Amino acid sequence: MKMSSFCFVASILFIIFISSALIGEGGLKHPEFSLLDYAGNEIGQGSTSPYSPKKTCGMCHDYDSITLAYHFQQGRSDSNGNLLINDGMDSKSPWLISHGMYGKWSPLSSDSSQLARKVNIRRCDIDKSSYVWVKSCGSCHPGGAGCEYDRNGHRYDDFAADPKNNIVPMGDNYLDGDYYQSDWANSGVLEADCLICHLKGYDWQARAQAIQAGLFYEAPAVGAGWYRKEKRTEAIPSGQAETLSFHLDYGRTVLADAEHLAASITAKVPDENCGNCHTGPDTKKRGKFWDADSDVHKARGLSCSYCHPAAKDHEITKGDVIAGSVRNEKDNSMKGCADCHLKGADDRAPQPDHSFPDLHLETMSCEVCHIPYKVNAATAVIDNATTGNSISYSVRDIPNHLALTGKSVSGNDLGKGWLPAYVRYKGKIEPINPMELIWWGDWDKTSHRVIPIILWRIRDFTGARAENDFTITNYTLVEALRGSREVNTYEEIETYLRELSKTRDRFGCRIAYHTPVLVKGDMIYYLEVDKLHKAALPTIEGGFQCCEPFDLSHNVVSANALGANGCSDCHAKPSPFLNRKILIDPFDHEGKPVYREVWEIIGYSRDRMIELCVPFD
C-alpha cells in the first residue's frame, strides 16, 4: 500500500476548498492527500512513524492562524498571537497567570491544579509544569498552543533536545515551569489534531490514554484508530509496573482508511466529537446532557454547531458564562434565545406568546423558566480539605439539595434530579449550580488575599497519597477526625489549623507563611490568640472570589417550562421559586447542611418576597 500523493496541480480546487466550510453532506469533497510524519516525509506502507497533523494539514490550511483560536490557546495568547500568560498577570491573585484553563487555578480538576509560573525560586511553589499539564489535561484539549510551544515561543521538543539548553529528562531544569520534571525530547509535543473534530467516531479515549502515557507524538494517530494497544511490564524498585503502549498500524480502517482519509473527513463537527470533551466536565458542573429527551433543540434536530458555529478562523462562538474567563471579548457571539425566537434568525423557531408582563423578560433570562429542573446529577460540593485529595458530593448526596420539594414545576417526580439555584448576573436573574468548594488557604492580612494552598502540599500534611488510597496517616488528624469523612467540627478545624501552622512539606517549606484558614461556605475559619474565629472570605476589590457558580444553558424544555401551569408556579405561598432552599454550607459544626432561600440570594427584601408570594391565580 502506498498512500495517495497530494495533487498540487489542482490549485483552484484548494482555493475553493479553503474558502468553503462545505465538505461532504452535499458540499465539496475534501481532496486526497498524503499523511506526513514529523520530519515532513510521506508515510508509506507498513510505517510505524506517527503522522504530524501540522505537517499534514498545514500543507493547505493555515495551521498557525487556526491555532490562535481560544479552543487551542485556553488563555495562552489572544487572537492576534500576543502572549497573555504571564507570571505577574494578576497582582490581586498572583496564583492566576492567565484567565484561561492554561494558567488558571481550577478547583474542578482532579487535584485542584495550578500551572507553575515560568520562573520559580523554590520547588515547593511548583504544582504542574506545562509537561504535566499536557499529560493531565491534554485529553480535553485539541493540542497546539501551550501543548506545543513554551512561554518563550520555543517548541518544547526542539528546545529540550538541543544540548546547549541542558534540559535533563525529568530533571529540575532550573525550576522552569515549562521544563520542570519533563521529558519533551522523548514524548514529543501535542500538535493540534484536526481529526479530533473532523473525523466521525474519533477514538477520544484511546487518544487520552496515549497522552496520559506521555506519548504525545503518537496521540493523533491513536485517536484516528491506527493502532494496536499493547501492555508492557517494567521492573521498578517495589516490584513490577504495567504500562501501556501503542503500536501504530496504518492498515487499521475501523474509523478511517489512512490511504483515503479524505473520504472520512467532515466539515460539520459531529455532536459526539464535541461531547468527547464537553460531556464529562459539563455534566459535572451543570448536569448537562445533550440528547433528544433532555433538550427540545436536540429533539428538533439542531446540532452543537448550529448555535455555536465557527468561521475559517475556528473561533467557535460562545455565550457569556458566569464562571468563564477565556476570550471574554467573544462573549455572546453565538446565537441566543432572542435571535431565533424574537428576532427571526430562524423562521422555524416558534415565536413566544407570553401572557405575563414584559417585566419578567427584563429581569430574568429565558433559561430561568425554560430550564426549570435538571435530570442528570451535577457536583454539589468539592471537599479539598479533609485529605488533600478531592472528595466530590453530587446533588444526590446532599439532603434536599437545591430543592424546596421533590417535584418539578410540572408536578413530575424528579427522582434523582434537582432544581436550579439562582443569582443576579449583569442585571438579570440566571439559573445556576452554585457548587460549594472547601479548601485550605494562606491568609495574607496585609494584602487581603487568601492564597490557595497547592494540594500536593496538603497531602504531604495529611499523609494521604495515591499509594495508600488517600488515607490520612497524620496521627494527630486521625485522632481528631475519629472516623469522620469531613473537617467540620470546631475541634477538627482547630486541630487542622494548628498542625498546618507548624508543618513543612517534603522540601522543607512551611505550608502556610501567613495565617492558615479553612474556606467553607464563603467564610474563613482561622485561629487568633489560640481561639477559633469565623469571618467572611476577604478579597481585594475586583480580585479573586471563590468560587463562581456554573450557569445553566442546556437541557431546555418547552411544555414543562416554569409558568406553564400558571402564575402559582412561582407566585404562591410558600413559593417554589423564591422560597427554594439553596445549599450554602454542606456541613456545619454539627454536620448538618446550611441553606439560604432564593429571595435572599438574588437580593430581595423580606417584604418584597412576601409581596411576590401572593397567589396570582
Side-chain angles (χ1 to χ4, degrees), residues 285-286 319-325 328 331-332 337 354 356-374 378 380-381 395 398 400-405 409 418-437 448 519-524 534-553 561-563 567-586 588 593-616:
K285 294 182 290 190
R286 301 178 172 91
D320 180 8
V321 295
I322 299 173
S325 58
N328 288 351
D331 285 350
N332 295 314
C337 304
H354 295 130
F356 50 75
D358 289 343
L359 177 64
H360 290 74
L361 297 178
E362 296 169 8
T363 59
M364 300 186 301
S365 70
C366 300
E367 291 87 348
V368 167
C369 293
H370 290 279
I371 308 179
Y373 55 88
K374 301 285 283 188
V381 178
V395 293
I398 307 296
N400 301 320
H401 180 55
L402 302 181
L404 176 66
T405 68
V409 294
W418 53 283
L419 303 178
Y422 300 96
V423 294
R424 285 192 184 274
Y425 180 64
K426 296 186 177 179
K428 283 196 171 186
I429 299 171
E430 301 277 356
I432 62 161
N433 172 18
M435 196 180 299
E436 299 299 323
L437 181 69
H448 305 287
V519 183
K520 185 166 70 82
D522 289 332
M523 306 294 289
I524 61 169
K534 179 180 177 182
L537 175 66
T539 59
I540 301 176
E541 184 66 29
F544 174 78
Q545 192 165 6
C546 183
C547 281
E548 301 98 333
F550 290 96
D551 55 295
L552 310 179
S553 52
L562 200 64
C567 302
S568 61
D569 279 351
C570 294
H571 301 283
K573 192 174 182 178
S575 167
F577 180 83
L578 293 169
N579 297 124
R580 185 175 302 172
K581 298 185 184 301
I582 309 303
L583 186 72
I584 300 301
D585 186 342
D588 65 8
V594 178
Y595 298 97
R596 192 176 298 159
E597 295 191 349
V598 166
W599 64 271
E600 300 174 273
I601 295 171
I602 62 178
Y604 284 148
S605 67
R606 179 174 292 275
D607 289 343
R608 179 59 173 160
M609 178 271 292
I610 293 172
E611 180 184 3
L612 290 171
C613 286
V614 174
F616 280 70

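Note that the coordinates shown come from a computational prediction; the quantities given were computed from them, not determined experimentally.
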(message) I'd like to check the salt bridge (charged side-chain N to carboxylate O under 4.0 Å, His left out) partners of Arg608; sequence neighbours left out, ordered by chain and number.
(response) Glu611

(request) Begin with the C-alpha distance, continue with both residues' side-chain angles, and end with the deciding distance and a verdict on side chain to side chain donor-acceptor pair (under 3.5 Å) for Tyr595 and Asp585. (result) CA-CA 7 Å; Tyr595 298 97; Asp585 186 342; over 6 Å; no

(message) Tell me if a side-chain donor or acceptor on Asp569 pairs with a main-chain N or O of Gly563 at a distance below 3.5 Å.
(response) yes

(message) Check whether Asn579 reaches the backbone of Pro574 with its side chain - one donor and one acceptor, N or O, closer than 3.5 Å.
(response) no

(request) Please list, chain by chain and in numerical order, all residues satisfying salt bridge (charged side-chain N to carboxylate O under 4.0 Å, His left out) with Asp588, sequence neighbours excluded. (result) none

(message) Given 3.5 Å as the limit, does a donor-acceptor pair link the side chain of Asn433 with the main chain of Lys285, or not?
(response) yes

(message) Tell me if a side-chain donor or acceptor on Ser575 pairs with a main-chain N or O of Cys613 at a distance below 3.5 Å.
(response) no

(message) I want to check something: taking the side chain as every heavy atom from C-beta on, are Arg580 and Pro420 in contact at a cut-off of under 4.5 Å?
(response) yes

(message) To check you understand the geometry: which heavy-atom pair defines the closest contact between Asp551 and Asp320, and what is its length?
(response) OD2-O, 4.5 Å

(request) Sort and list the pairs that fulfil salt bridge (charged side-chain N to carboxylate O under 4.0 Å, His left out) and have at least one residue in residues 357-371, not counting sequence neighbours. (result) none

(request) Mark yes or no for whether Arg606, through its side chain, and Trp599, through its backbone, hold a donor-acceptor pair below 3.5 Å. (result) no

(request) Please confirm whether Arg424 makes a cation-pi placement over Tyr604, using NZ or CZ under 6.0 Å from the six-membered ring centre and within 45° of the ring normal. (result) yes

(message) Below 30° counts as parallel, above 60° as perpendicular, anything between as tilted: where do the rings of Phe356 and His354 land?
(response) parallel

(message) When you measure from the side chain of His571 to the backbone of Ser568, do you find a donor-acceptor pair of N or O atoms at a distance under 3.5 Å?
(response) no

